Amino acid sequence: MPSLISDAVDAYVVRRLNARLQFLLLQRRADAPFGSSWQAIHARVAPEETAIIAAERALAETTGLVARTVYSADYVNQIFDHARDAIVLIPVFAFEVEAQAGIDPGPDFLGYEWCERDEATARLLWAGQRWSVRHIDDVIGAGGPAAEFYRVR
């Protein structure tokens, strides 16, 4: 019987530009697994970390950014990891950064782009990633009381 695991997080970096939400997508190196594909930030949770701390660590390590606002995206991505015979539940977070924040994507990536909802969903490989972008845009993108409900910090 497959086990149930939650040892990873997804973090979507967003900014507001001209009153529209944009998503930071990172392009993986060609020689990496799923080479040249576009992604948000995905990280493992260390045994001593909470999910939110792991996501914040991954944000800093992957981009050099610090979030001005942190949201729970009210979504848990799920995948089946055949190597571990496990269903993996992955909490999703959104990190809003300053519109002009500088990014250092590090050596694991070819580059990055800021994309609005439709462009972001067109570039992402996995259905859970695309659903996360649409959901974040719907519940956080408009701002106001609905977005504040999901604010963690």
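Values below: every heavy atom of this structure, side chains too, minus hydrogens, waters and symmetry copies. Residues take their numbers from the sequence shown, with the count starting at 1. This one's a predicted model, so the numbers in the text were calculated from it and none came from an experiment.
- Side chains of R117 and L21 form no contact here, defined as non-hydrogen atoms less than 4.5 Å apart.
- Within the structure, ring-ring contact (aromatic ring centres under 6.0 Å, His included) contacts touching residues 69-117 (residues at least two apart or in different chains) are Y75-W131.
- Heavy atoms only, all atoms of each residue included: A94 and I140 are closest at CB-CD1, 4.0 Å.
- Taking A101 as the reference, L65, V97, E98 meet the side-chain contact (heavy atoms from CB on, under 4.5 Å) condition, with sequence neighbours excluded.
- Of all non-hydrogen atoms in L25 and C115, the two that sit nearest each other are CD1-SG, 4.0 Å.
- Here the closest non-hydrogen pair linking L124 and R130 is O-NH1, 3.1 Å.
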>> Evaluate T63 against L24 for side chain to side chain contact (heavy atoms under 4.5 Å, CB included), listing each step before the verdict.
In response: CA-CA 10 Å; T63 66; L24 176 66; 3.9 Å; yes

> Would R123 and D118 satisfy salt bridge (Lys or Arg N to Asp or Glu O under 4.0 Å), going step by step from the backbone distance to the final call?
Replying inline: CA-CA 9 Å; R123 290 184 185 207; D118 291 344; over 6 Å; no

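- Judged as a salt bridge (charged side-chain N to carboxylate O under 4.0 Å, His left out), and not counting sequence neighbours, R15 has no contacts.
- D7 meets the salt bridge (charged side-chain N to carboxylate O under 4.0 Å, His left out) test with R44, R84; sequence neighbours excluded.
- The two residues A8 and P91 come nearest to each other via the heavy atoms O-CD, 3.2 Å.
- In the hydrophobic cluster analysis, where Ile, Leu, Val, Met, Phe, Trp and Tyr join through side-chain heavy atoms closer than 4.5 angstrom, L59 is grouped apart from V14.
- At a threshold of 4.0 Å, the pair D137-R20 does not count as salt-bridged, since none of the basic side-chain nitrogens sits closer than that to a carboxylate oxygen.
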>> Quick one, L110 with S36, criterion side chain to side chain contact (heavy atoms under 4.5 Å, CB included). Give me CA distance, side-chain angles, the key distance, then yes/no.
In response: CA-CA 8 Å; L110 293 173; S36 300; 4.2 Å; yes

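- Contacts of D104 classified as salt bridge (charged side-chain N to carboxylate O under 4.0 Å, His left out), with partners at least two apart in sequence or in another chain: none.
- Under the side-chain contact (heavy atoms from CB on, under 4.5 Å) criterion, A60 pairs with no residue, sequence neighbours left out.
- For the pair V92 and V76, the minimum side-chain heavy-atom distance is 4.5 Å or more.
- The side-chain hydrogen bond (donor to acceptor under 3.5 Å, both in side chains) test applied to R29 returns D31, D108, not counting sequence neighbours.
- Contacts classified as side-chain hydrogen bond (donor to acceptor under 3.5 Å, both in side chains) and involving residues 45-55 (residues at least two apart or in different chains) are given here: E49-R57.
- Across every non-hydrogen atom of I136 and A73, the tightest pair is CG1-CB, 3.8 Å.
- Both V45 and I53 are part of a single hydrophobic cluster, where members link through side-chain heavy atoms under 4.5 Å apart.
- Residues that satisfy the salt bridge (charged side-chain N to carboxylate O under 4.0 Å, His left out) test with R16, not counting sequence neighbours, are E96.
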Show me the side-chain donor-acceptor pairs of residues 145-153 shorter than 3.5 Å, one per line, residues at least two apart or across chains.
from : atom 1 : to   : atom 2 : distance (Å)
E148 : OE1    : R151 : NE     : 3.2
E148 : OE2    : R151 : NE     : 3.4
Y150 : OH     : D74  : OD2    : 3.3
R153 : NE     : E56  : OE2    : 2.9
R153 : NH2    : E56  : OE1    : 3.0
R153 : NH2    : E56  : OE2    : 3.3

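- Here ring-ring contact (aromatic ring centres under 6.0 Å, His included) pairs that include residues 30-57, with residues two or more places apart or in two chains, are F34-W126.
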>> Applying side chain to side chain contact (heavy atoms under 4.5 Å, CB included) to L89 and I5, what does each step give before you reach the verdict?
In response: CA-CA 6 Å; L89 302 177; I5 299 172; over 6 Å; no

>> Working note: D10 + I41, criterion side chain to side chain contact (heavy atoms under 4.5 Å, CB included); need CA distance, chi angles, decisive distance, verdict.
In response: CA-CA 6 Å; D10 283 342; I41 297 168; over 6 Å; no

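- Legend: residues meeting side-chain contact (heavy atoms from CB on, under 4.5 Å) with A40, ordered by chain and number and at least two apart, are Y12.
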